[in-house]
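Quick caveat: nothing in here was measured; it's all calculated off a predicted structure.
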Amino acid sequence: ELAALCATRVEGEIRLLFRGRDRVYYLASCQDGSSAIWATDGSAAATRLLTVLSQAGADDEPDPGATLSGLTGWVESGDATFFLLGGRWRPLELWKTDGTPEGTTLLRALHEVSGEASAGLCMTTDGQLVVAAYSSLGWDEYEVLFWQSDGTAAGTHLGKIVPTAAAGFTFPTFGHS
């Protein structure tokens with residue numbers, strides 16, 4: 001069972017990822033060394049483990065990265081919530097959840113983002129997701145990468161890459177539903 005993989009959370013090792021329509025989602029470190037995404041409405045009965053991101057002993061701790069930077073790292077559409085993880089020392093990832101373990105899936109690892117990165121996520125008026133990631137390529141070299149997604153793994157594609165020499169790209173204020 002999924003809950004057995006992260007049966008005991010480490011005290012103080014919880015980071016809020018985002019709030020959804022009727023629950024909040026958070027990343028927790030587990031006693032066995034793994035990390036997991038949980039959802040809760042604040043009650044013990046409705047607190048549930050959605051997915052384990054890294055198994056015990058893995059060198060790579062999940063990094064919420066840009067999700068915690070104040071950028072819009074999540075959007076809701078219908079019964080689904082889309083969110084970003086990573087973006088610093090691990091690949092940026094686009095995830096989807098309906099608040100259940102069965103409905104929480106990695107849509108795509110956005111491996112094209114390299115180096116130190118930050119990202120934002122928004123939904124267009126026609127229901128397409130857009131991910132914008134600002135990435136440092138090296139000394140004084142930066143780029144902004146844009147992905148488009150229809151909310152499925154197969155429908156998530158890298159679109160435009162915009163090279164820029166300026167550090168400190170500022171994301172427009174991405175809204176969420």
Side-chain angles (χ1 to χ4, degrees), residues 1-110 117-125 127-133 147 149-153 156 171-177:
E1 181 174 296
L2 186 60
L5 295 174
C6 188
T8 310
R9 287 164 280 194
V10 177
E11 286 186 38
E13 294 287 328
I14 293 176
R15 293 179 273 180
L16 180 67
L17 293 177
F18 54 89
R19 65 165 176 80
R21 207 174 343 270
D22 58 352
R23 62 186 65 101
V24 296
Y25 297 86
Y26 62 92
L27 182 67
S29 297
C30 307
Q31 288 289 352
D32 68 358
S34 63
S35 296
I37 296 177
W38 293 75
T40 185
D41 68 358
S43 70
T47 300
R48 67 178 91 169
L49 174 64
L50 298 181
T51 189
V52 175
L53 297 173
S54 65
Q55 299 297 322
D59 295 334
D60 217 17
E61 167 120 4
D63 172 25
T67 308
L68 294 181
S69 72
L71 299 173
T72 302
W74 61 274
V75 294
E76 293 179 321
S77 177
D79 292 335
T81 300
F82 299 90
F83 61 98
L84 298 171
L85 282 176
R88 289 192 180 153
W89 298 280
R90 59 177 281 138
L92 185 64
E93 298 172 340
L94 177 60
W95 286 77
K96 177 182 181 178
T97 186
D98 63 2
T100 67
E102 301 79 23
T104 302
T105 58
L106 170 64
L107 289 182
R108 187 175 189 282
L110 308 174
S118 58
L121 176 66
C122 71
M123 174 109 18
T124 65
T125 56
Q128 292 289 307
L129 290 166
V130 176
V131 177
W147 286 265
S149 178
D150 63 2
T152 66
T156 301
F171 285 97
T173 303
F174 287 156
H176 56 271
S177 53

Is any side-chain heavy atom of Leu27 closer than 4.5 Å to a side-chain heavy atom of Trp38? no
Please lay out, stage by stage, how Trp95 and Leu85 fare under the test side-chain contact (heavy atoms from CB on, under 4.5 Å). CA-CA 8 Å; Trp95 286 77; Leu85 282 176; 3.8 Å; yes
Sub-4.5 Å side-chain heavy-atom contact between Trp147 and Leu110: yes
At their closest point, which heavy atom of Ala39 faces which heavy atom of Arg23, and how far apart are they? CB-CD, 3.6 Å
Can you give me the closest heavy-atom contact between Met123 and Val75, atom names plus distance? CE-CG2, 4.0 Å
Walk me through whether Lys96 and Leu106 qualify under side-chain contact (heavy atoms from CB on, under 4.5 Å). CA-CA 6 Å; Lys96 177 182 181 178; Leu106 170 64; over 6 Å; no
Kindly indicate, with the supporting measurements, whether the criterion side-chain contact (heavy atoms from CB on, under 4.5 Å) is fulfilled by Leu129 and Cys122. CA-CA 6 Å; Leu129 290 166; Cys122 71; over 6 Å; no
Compare every heavy atom of Leu50 with every heavy atom of Gly99, then report the nearest pair and how far apart it is. O-CD2, 3.4 Å
Not counting sequence neighbours, which residues clear side-chain hydrogen bond (donor to acceptor under 3.5 Å, both in side chains) with Thr81? List them please. none
Using side-chain heavy atoms (C-beta onward) and a distance below 4.5 Å, is Phe83 in contact with Thr97? yes
Would you name the heavy atoms of Gly151 and Phe82 that are closest together and state the gap between them? CA-CE2, 3.6 Å
About how many Å separate CG of Asp22 and CD of Glu76, when rounded to the nearest 0.5 Å? 8.5 Å
Has Asp79 got more than 12 heavy atoms of other residues, nucleotides or ligands less than 6.0 Å from its CG? no
Quick one: list whatever passes side-chain hydrogen bond (donor to acceptor under 3.5 Å, both in side chains) with Thr40, sequence neighbours left out. Thr47
Residues Glu93, Leu84; criterion side-chain contact (heavy atoms from CB on, under 4.5 Å); working and verdict: CA-CA 6 Å; Glu93 298 172 340; Leu84 298 171; over 6 Å; no
Sequence neighbours excluded, which residues qualify as side chain to side chain contact (heavy atoms under 4.5 Å, CB included) partners of Asp41? Ser43, Ala46
Is the closest side-chain heavy-atom distance between Ser149 and Leu94 below 4.5 Å? yes
